[in-house]
Amino acid sequence: YILQGQLMKYQEQISLEGLRLDGRRPGELRKVICSIGMHDSANGSAICEMGCTKVMALVDGPKQLIQKEESPVGKLTCSIFMTNFSTSQHKDNPKRQMKMRDFAQVVKSTFESVVRLDEYRMSQIDIQIIVMQNDGGYKSAAINAASLALIDAGINMKDILVSTTAGFIEGKCCLDLLYSEEKKEGCSTMICYAPAKGLLSHVNVISPKMSTPLLSETIENAITGCKSLYTILKNYIKEHMLTKYCLLYTSPSPRDATLSRMPSSA
């Protein structure tokens, strides 16, 4: 095991053919699979899979906010949990819990900028995120899953948020970093992008040494990845809405169902 760990430490992340460990080119995203509206107990739900990273988001609300003073805007809360089996280290880690609490505050403030909380006075919207598998980029998958869950819940938003990561791996700017790429290089940039307005709502840079030109190139490539990812998510949203409303208009009404069960007068 020690020898295997030493070999992985010095393993090349990009081959001579220009391929990464999972066979992607530097500018390619992982395969994205989304499921929307699979939990009937929640007002909105979604699962976002980016490669082997899998994150589920649940939205509860809008519900009545119990407080004495009237608030001009609604309240949004966020909680994030990472399962012990989501990474190679299955033990409970206090540092991981602190990171989840800090990231929950980031998600809360980020979505407060796009959710129209002024339309939900005296109401509360709860976002719960569960990281089921983490092979890199779980924060981006969490943002994407939360966006889809809010749309499924019918929450009015100014724009949908899309997120991905980017970073320099062996001198090449790569999109949608794997867990091994994040750990080996020690530098990654996560962005949250609002495609309708073309604005960055959040940028998180983890790099001990990155010059301004390299950072600008990384952000530009991440924005390009978000635009491609937005097209993918938009197709899943359209498919979900078509399925949802087709079932709504094709399902029989209670009166029709009662008449169908009545015996014929033949």
Side-chain angles (χ1 to χ4, degrees), residues 29-51 53-63 74 76-78 80 107-108 110-121 123-133 137-164 176 191-202 223-257:
L29 297 170
R30 289 176 288 183
K31 185 178 180 180
V32 179
I33 302 176
C34 298
S35 302
I36 307 175
M38 63 285 172
H39 278 275
D40 296 333
S41 59
N43 295 106
S45 58
I47 293 178
C48 181
E49 299 182 43
M50 302 176 68
T53 298
K54 186 175 183 179
V55 178
M56 177 174 63
L58 304 173
V59 173
D60 183 19
K63 57 186 179 181
L76 189 143
T77 67
C78 179
I80 302 178
V107 175
K108 176 180 178 295
T110 303
F111 277 101
E112 282 178 341
S113 63
V114 295
V115 175
R116 297 187 181 273
L117 292 175
D118 56 328
E119 299 182 4
Y120 300 99
R121 297 178 59 184
S123 299
Q124 179 171 324
I125 301 171
D126 299 327
I127 303 176
Q128 182 179 358
I129 298 173
I130 303 172
V131 182
M132 307 169 70
Q133 297 178 15
Y138 76 90
K139 294 182 178 179
S140 296
I143 295 291
N144 299 329
S147 293
L148 297 177
L150 287 169
I151 292 175
D152 183 43
I155 304 299
N156 193 3
M157 296 192 294
K158 303 173 186 177
D159 202 348
I160 181 176
L161 290 182
V162 186
S163 178
T164 190
D176 198 6
I191 69 168
C192 297
Y193 182 70
K197 295 185 178 181
L199 299 176
L200 289 173
S201 59
H202 178 73
I223 291 176
T224 303
C226 283
K227 291 179 180 179
S228 301
L229 189 58
Y230 172 64
T231 303
I232 298 173
L233 298 184
K234 187 168 61 173
N235 291 333
Y236 276 106
I237 294 171
K238 289 182 178 179
E239 181 181 353
H240 170 67
M241 291 301 176
L242 287 174
T243 304
K244 181 177 181 179
Y245 286 104
C246 283
L247 292 175
L248 178 64
Y249 287 107
T250 56
S251 59
S253 63
R255 180 176 179 274
D256 295 336

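Heavy-atom basis, side chains included; hydrogens, waters and symmetry copies ignored.
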Please tell me if the side chains of Y193 and L200 come closer than 4.5 Å, counting only heavy atoms from C-beta onward.
yes
In Å and rounded to the nearest 0.5 Å, what is the [atom1] to [atom2] distance from [X] to [Y]?
X    : Y    : atom1 : atom2 : answer
I223 : L199 : CD1   : CG    : 9.5 Å
Q124 : K63  : CD    : NZ    : 5.5 Å
D126 : T77  : CG    : OG1   : 3.5 Å
I127 : L58  : CD1   : CG    : 10.5 Å
H240 : I151 : NE2   : CD1   : 9.5 Å

Name every donor-acceptor pair, under 3.5 Å, that has one atom in a side chain of residues 224-234 and the other anywhere in the protein, sequence neighbours excluded.
{"unit_1": "T224", "atom_1": "OG1", "unit_2": "E220", "atom_2": "O", "d": "3.1"}
{"unit_1": "S228", "atom_1": "OG", "unit_2": "T224", "atom_2": "O", "d": "3.4"}
{"unit_1": "T231", "atom_1": "OG1", "unit_2": "K227", "atom_2": "O", "d": "3.3"}

Smallest separation among heavy atoms of [X] and [Y], with atom names:
X    : Y    : value
P62  : I155 : CD-CD1, 3.6 Å
N156 : Y120 : N-OH, 2.8 Å
D159 : P195 : OD2-N, 3.5 Å

Donor-acceptor list for residues 30-48 side chains, cut-off 3.5 Å, not counting sequence neighbours:
{"unit_1": "R30", "atom_1": "NE", "unit_2": "D176", "atom_2": "OD1", "d": "3.2"}
{"unit_1": "R30", "atom_1": "NE", "unit_2": "D176", "atom_2": "OD2", "d": "3.1"}
{"unit_1": "R30", "atom_1": "NH1", "unit_2": "M50", "atom_2": "O", "d": "3.3"}
{"unit_1": "R30", "atom_1": "NH1", "unit_2": "D135", "atom_2": "O", "d": "3.1"}
{"unit_1": "R30", "atom_1": "NH2", "unit_2": "G136", "atom_2": "O", "d": "2.8"}
{"unit_1": "R30", "atom_1": "NH2", "unit_2": "D176", "atom_2": "OD1", "d": "2.8"}
{"unit_1": "N43", "atom_1": "OD1", "unit_2": "G61", "atom_2": "N", "d": "2.8"}
{"unit_1": "S45", "atom_1": "OG", "unit_2": "M38", "atom_2": "N", "d": "3.2"}
{"unit_1": "S45", "atom_1": "OG", "unit_2": "H39", "atom_2": "N", "d": "3.1"}

Check: N144 side chain, S140 main-chain N or O, donor-acceptor pair, under 3.5 Å:
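Side chain of N144 to backbone of S140: a pair is present.
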Donor-acceptor pair, side chain of S147 and main chain of L161, under 3.5 angstrom:
yes
Pairs under 3.5 angstrom only: tabulate donor-acceptor contacts from the side chains of residues 110-117 to other protein residues two or more places apart or in another chain.
{"unit_1": "T110", "atom_1": "OG1", "unit_2": "V106", "atom_2": "O", "d": "2.6"}
{"unit_1": "E112", "atom_1": "OE2", "unit_2": "K108", "atom_2": "NZ", "d": "2.7"}
{"unit_1": "S113", "atom_1": "OG", "unit_2": "T110", "atom_2": "O", "d": "2.4"}

Start with the C-alpha gap between V107 and I143, add the side-chain angles, then the distance that decides, and say whether side chain to side chain contact (heavy atoms under 4.5 Å, CB included) holds.
CA-CA 7 Å; V107 175; I143 295 291; 4.0 Å; yes
Before you tell me yes or no, could you show the steps for V59 and D152 under side chain to side chain contact (heavy atoms under 4.5 Å, CB included), namely the whole-Å CA-CA distance, both residues' side-chain angles and the distance that decides it to 0.1 Å?
CA-CA 9 Å; V59 173; D152 183 43; over 6 Å; no
